[in-house]
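Both ligands and their constituent atoms are indexed starting at 1 by order of listing.
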Amino acid sequence: MQFIDLQQQYRLHQAEIDGRMRRVLDHGQFIMGPEIAELEALLAAYVGIKHAITVASGTDSLEIALRALDVGPGDEVITVPFTWISSAEVIGLVGAKPVFVDITPGDFNINVNLIAAAITPRTKVIMPVSLFGQMPDYARINALAAKHGLTVIEDGAQSFGATQGGRKSCAVTKVSSTSFFPAKPLGCYGDGGALFTSDDALNEKMRAIRTHGGLKRHHHPYLGMNGRFDTLQAAVLLAKLPHFPGEVAARERIGARYTELLRSVCAAPEVMPGNTHVYAQYTLRTPHRDQLGEKLKAQGIPTAVYYPKCLHEQPVYAPLGYAWGAFPESEKASREVISLPMHPWLTEAEQDKVVAAVKAALA
Ligand SMILES: Cc1ncc(COP(=O)(O)O)c(C=O)c1O
């Protein structure tokens with residue numbers, strides 16, 4: 001059994017993927033070839049927003065968003081301590097300070113009630129993460145940000161395809177970002193990511209920063225980077241994108257079935273009202289997660305722990321001065337979470353095997 005079965009997806013769509021990649025090899029425009037603009041138009045249409053900008057990785061896309069908003073030394077950016085390190089890393093890379101806000105236990109997302117207390121005169125951006133595949137309450141976050149004159153960036157690396165109130169992830173904040181890392185809901189065959197906005201000026205600036213700070217050759221108004229998405233990877237996504245809505249539906253169905261079968265023995269992930277969940281990870285929690293992982297491994301069932309440590313426990317963030325106990329829900333989650341095999345091609349028989357093994361282990 002695979003934790004995420006990318007080979008199965010390749011087998012299913014091999015002719016389209018190979019065909020799309022071969023066209024790039026034939027035309028030879030490996031940097032910013034025509035597939036980039038074609039994909040960006042389709043991504044924007046899928047999300048339901050004006051502009052999509054493909055980027056070399058999800059991490060680069062977050063950094064570009066912060067640079068475009070002129071976030072830098074002296075500024076603070078609010079995010080969560082229970083996430084992949086990129087969410088905070090990029091804040092440091094632009095010279096600003098990450099300020100952490102704890103999560104709520106049911107959905108592992110930012111506790112919106114705690115954000116106001118973390119806002120200071122130096123706060124410039126709120127950058128929540130839509131963790132594991134569902135979004136925090138962006139209506140409330142956007143309203144709070146508007147009240148304090150702040151910008152919201154959705155880190156939607158794990159939630160591409162999810163919805164809130166019928167609107168797609170990456171369409172609900174001023175700027176948003178996703179990742180096309182292979183294991184993500186929409187993954188390519190290498191690194192990749194995208195930015196989304198409906199703001200024309202921000203779109204232009206983020207496009208410029210992505211390509212060495214300028215849109216015209218040999219003219220560089222901004223400090224930029226080499227953040228372009230590979231044309232070959234765009235070809236992979238052009239082949240995969242038509243199948244993505246079906247995969248999202250399968251993810252929802254499989255996630256809901258796990259929850260139905262497991263909620264009596266452990267804390268299954270909660271889908272918050274108004275949300276759909278794409279289960280980039282199907283993450284449950286139990287105080288016995290290490291034993292559970294061992295027992296499943298013995299039966300050939302792979303599991304993973306995202307994330308065994310909070311960011312304030314990482315040595316790189318020691319200078320921020322957060323003590324153990326500062327974020328009790330994040331800390332508890334990091335000691336209790338475990339993710340089960342999850343992908344759109346997981347069969348009911350495989351799922352039943354996982355469920356039986358989890359039940360036996362936790363009995
Ligand atoms: C929450 C979150 N933010 C940002 C990223 C960064 O994406 P990438 O790996 O494409 O740089 C990831 C993925 O790894 C992630 O899970």
Legend entry - Nearest-0.5 Å distance, CG of residue D107 to CE of residue M272: 4.0 Å
Inset, instruction - Would you check whether S87 reaches within less than 4.0 Å of ligand 1, judged by its heavy atoms? - result: yes
Legend entry - Atom pair CD (E270) and CZ (F108), whose distance is rounded to the nearest 0.5 Å: 9.0 Å
Legend entry - F181-ligand 1 polar pair, N/O distance under 3.5 Å: no
Inset, instruction - Measure the distance from atom 2 (C) of ligand 1 to every protein heavy atom, then report the residue, atom name and distance (to 0.1 Å) of the closest one. - result: A157 CB, 3.4 Å
Inset, instruction - Kindly confirm or rule out a cation-pi arrangement of K168 over Y46, judged by NZ or CZ under 6.0 Å from the six-membered ring centre and within 45° of its axis? - result: yes
Inset, instruction - Flag yes if L241 and F180 sit in one hydrophobic cluster, no otherwise; membership is Ile, Leu, Val, Met, Phe, Trp, Tyr, and two members link when side-chain heavy atoms are under 4.5 Å apart. - result: yes
Inset, instruction - May I ask you to list the atoms of ligand 1 that are less than 4.0 angstrom from any heavy atom of T59? - result: 6 (C), 7 (O), 8 (P), 11 (O)
Legend entry - atom 3 (N) of ligand 1 [closest protein heavy-atom partner, distance rounded to 0.1 Å]: D155 OD2, 2.7 Å
Legend entry - Contact (N/O only, under 3.5 Å) between S179 and ligand 1: yes
Legend entry - Passing candidate, side chain to side chain donor-acceptor pair (under 3.5 Å) with K50, options N203, T197, D200: D200
Legend entry - Polar side-chain atom of D75 near backbone of G72 as donor-acceptor pair, under 3.5 Å: yes
Legend entry - Atom indices of ligand 1 within 4.0 angstrom of T83 heavy atoms, with elements: 1 (C)
Inset, instruction - Enumerate the atoms of ligand 1 whose separation from the nearest heavy atom of G192 is less than 4.0 angstrom. - result: 10 (O)
Legend entry - Atoms in ligand 1 with a heavy atom of Q158 nearer than 4.0 Å: 1 (C), 15 (C), 16 (O)
Inset, instruction - Assess whether atom CD of E204 is packed by more than 12 heavy atoms of other residues, nucleotides or ligands within 6.0 Å. - result: no
Donor-acceptor pairs are to be reported for all side-chain atoms of residues 23-33 against protein atoms at under 3.5 Å, with residues two or more places apart or in another chain.
residue	atom	partner	partner atom	Å
H27	ND1	Q29	N	2.9
H27	NE2	E35	OE1	2.9
H27	NE2	E35	OE2	3.2

Inset, instruction - Show which atoms of ligand 1 fall inside a sub-4.0 Å distance from at least one heavy-atom site of V129. - result: 1 (C)
Inset, instruction - Just jot down the ligand 1 atoms closer than 4.0 angstrom to any heavy atom of G58, in number order. - result: 6 (C), 7 (O), 8 (P), 10 (O), 11 (O)
Legend entry - Element-labelled atoms of ligand 1 that are located less than 4.0 Å from some non-hydrogen atom of K184: 12 (C), 13 (C), 14 (O), 16 (O)
